[in-house]
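Just so it is clear: chains get the letters A, B, ... in the order the sequence lines come, proteins before strands, and each one is counted from 1. Predicted model only: the values in this text are computed from it and were never measured.
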Number of protein chains: 2
Amino acid sequence: MATIKDVAKLAGVAISTASYALNNSAKISAATRKKVEEAARSLNYQKNGFASDLKRTQTKTIVLILSDLSGPYYSELIKGVQEVTSANGYDLIACSSIGGQQSTAVKFLKEKRADGVVVLAHNITDEVILDSARPDFPIVVLDRNLQHDHVIQVEVDNTEGARMATNYLLDRGMKEIAYISGPNNSHDNERRLSGYREALEKRHVPFSSRLKISGDFTRDSGYFSTKMLIAQQHLPEAVFFANDEMAIGGLQAFAEKGIRVPDDISVIGFDDIQLSEYVSPPLTTIRQPKYEAGALAVHLIFQVLAGEKVEDHYNLSTELIERSSVKNHSYSR
Amino acid sequence: MATIKDVAKLAGVAISTASYALNNSAKISAATRKKVEEAARSLNYQKNGFASDLKRTQTKTIVLILSDLSGPYYSELIKGVQEVTSANGYDLIACSSIGGQQSTAVKFLKEKRADGVVVLAHNITDEVILDSARPDFPIVVLDRNLQHDHVIQVEVDNTEGARMATNYLLDRGMKEIAYISGPNNSHDNERRLSGYREALEKRHVPFSSRLKISGDFTRDSGYFSTKMLIAQQHLPEAVFFANDEMAIGGLQAFAEKGIRVPDDISVIGFDDIQLSEYVSPPLTTIRQPKYEAGALAVHLIFQVLAGEKVEDHYNLSTELIERSSVKNHSYSR
DNA sequence: CTGTTAGCGCCTTCAG
DNA sequence: CTGAAGGCGCTAACAG
């Protein structure tokens, strides 16, 4: 690998001159620049990115941490992140947090290999984030509640969304509503559960722990939870799945048992993933403003990078998407 | 940010001692090591990744270049890449090639910011790849044909897949088969088209350019191409979409016009993306061994990193997935 | 406009 | 086992 030294030597100039020329500094004559450029080309010179990062102390990149690169992303969210990042002339790289403390993600966080990071990976511990947060290193978390001076929290209003979902069912006369939950350690799940319980309570419908079944946000867990539900003697009138993936698994379980949705039972999901529109029946669900969340996250990073003050908590609201998985027998109201 | 120097000073040892201690070198006494570790902790020391990369010249990371981080990936492929990478103790990062020559992707390629790279991004030019290829920098391309000593090509057998698709239709007595193509500059598309033409030719079915409509692999283009097809007076018996995304767009166009699939027209896709199973009707398509392709790609990278010799071209075969979008009126054969 | 020079933070011989 | 010193490749004052 040729270094800038070689280029300078070949071009017959000083190293700094070569560096300036290669970095399009204004203070180099066209002739010298050309000479340097030719030397560089002929040596097939490529600068060593690490060396220049080391000097610059600025990477011009922001990293997005995902729990699984191949996972069912919120691709809209990523798009938001991506667009805002590149609109600001920054690079975006994504890395996965698989592997716990040894993961690439943790390395990026701890070693500050980027100018800012957005986290959407439940398997990154709060501790790592807290450890890494520093005044000049903005971290925005999209998936948890974290109080710290230098971490910013962007959250969609899960509680309100769950309340909407539950009320929608309640409004249609259903009272027995099962809740298939996400993993217990999930902040999102916890908020959704409390939205569900609040809505029930407000209408004086008792919460029954028999109707709360634990899943883990995967399609399979939705499938098996639903099987369990079916195995109980008595089917509820509706089921609220804490996310769409599980709802889709649930739909499959119902289909296999010949239970018709929404005629025999209503189902509602949460997230509005792409698939939801295509399953049968199309899933009624709560949409999260995913693009907005991603875009806002990066926006905030740039604001703090620019030395501006920002809030440490943002709340985005959800929307109910009405499709065909909920039976409509609301006659009056 | 505390540096190793600060740690050494606080621990009352030399810098090198601190470095050794922190890197678990054998030649440090337990007592000293403990002292150093404590100093590091109390200073909240984090090593500067760039500086150490600069020295080490090895990054222990491989990068996956995607045309669009939020795009409809082949998540199976990514999973293959991810698993093999982490099984080898390497980090994986993904970056997008949006932005052409200024993209993060190009930077990674040219500046050798990783030990190896796998490319799945049609918008990266061959030239950039060729420029970056070096004996010690394995690049494997999954989406193009590229002859170069230091780039490895893994490819699924698009031609054979397209041939299978076409024959499947032909076998069912259909002769008028439209082909909705991908972008002209796509290598995959080109191979699929030629598989289609070969199959036709072999059965002495004339190729009609009227039946070849240009799309660009997006759902929208499938939708609009199909509209164009419908607008022509006479509907063919079947249409072969060069990928599933377009087929799904096509299905929608047919549905809007009240044209029933497969009763009025048969459709077949290519890729077998996740959605294909869920659309209505479920799409018959050609599955690519995506996980295998991704896993193989990274495998090969590690082989060359280990100094082993590898082929420069690998071909993976496809499989026909029979679902319900093709009418079955094959009586005999 | 160009060359000299001093580090960026870390790792690693090489002597003690 | 430890300390001093050199250097990875590049950038950015600072002088000419």
Pair A/K47 + A/D53: basic N to acidic O under 4.0 Å: no
Sugar-phosphate, base or nothing in reach of B/I28, heavy atoms under 4.0 Å: sugar-phosphate
Closest listed nucleotide, where the reference is the side chain of B/T32 and the choices are D/dT2, C/dC1, D/dA12: D/dT2
Of A/S96, A/C95, A/S97, the residue whose pairing with A/T104 passes side chain to side chain contact (heavy atoms under 4.5 Å, CB included): A/C95
Sugar-phosphate, base or nothing in reach of A/F50, heavy atoms under 4.0 Å: nothing
hbond_proxy A/S16 side chain to C/dT4 base (donor-acceptor, 3.5 Å cutoff): yes
Whole-Å gap separating P (C/dT4) and CD1 (A/I4): 15 Å
Which nucleotide in D/dT11, C/dT2, C/dC11 has an atom nearest any side-chain atom of A/T17: C/dT2
Nearest listed nucleotide, side chain of A/S52, among C/dC1, D/dA12, D/dC10: D/dC10
Touch class at under 4.0 angstrom, heavy-atom based, for B/D53 against every strand present: nothing
Residues A/D91 and A/K60 bridged, charged N to O under 4.0 Å: no
B/A14 side-chain proximity, nearest of D/dT11, D/dG3, C/dT13: D/dG3
Nearest-angstrom distance from the residue atom CG of A/L22 to P of D/dC10: 9 Å
Length of the NZ-P vector between B/K5 and C/dC10, whole Å: 10 Å
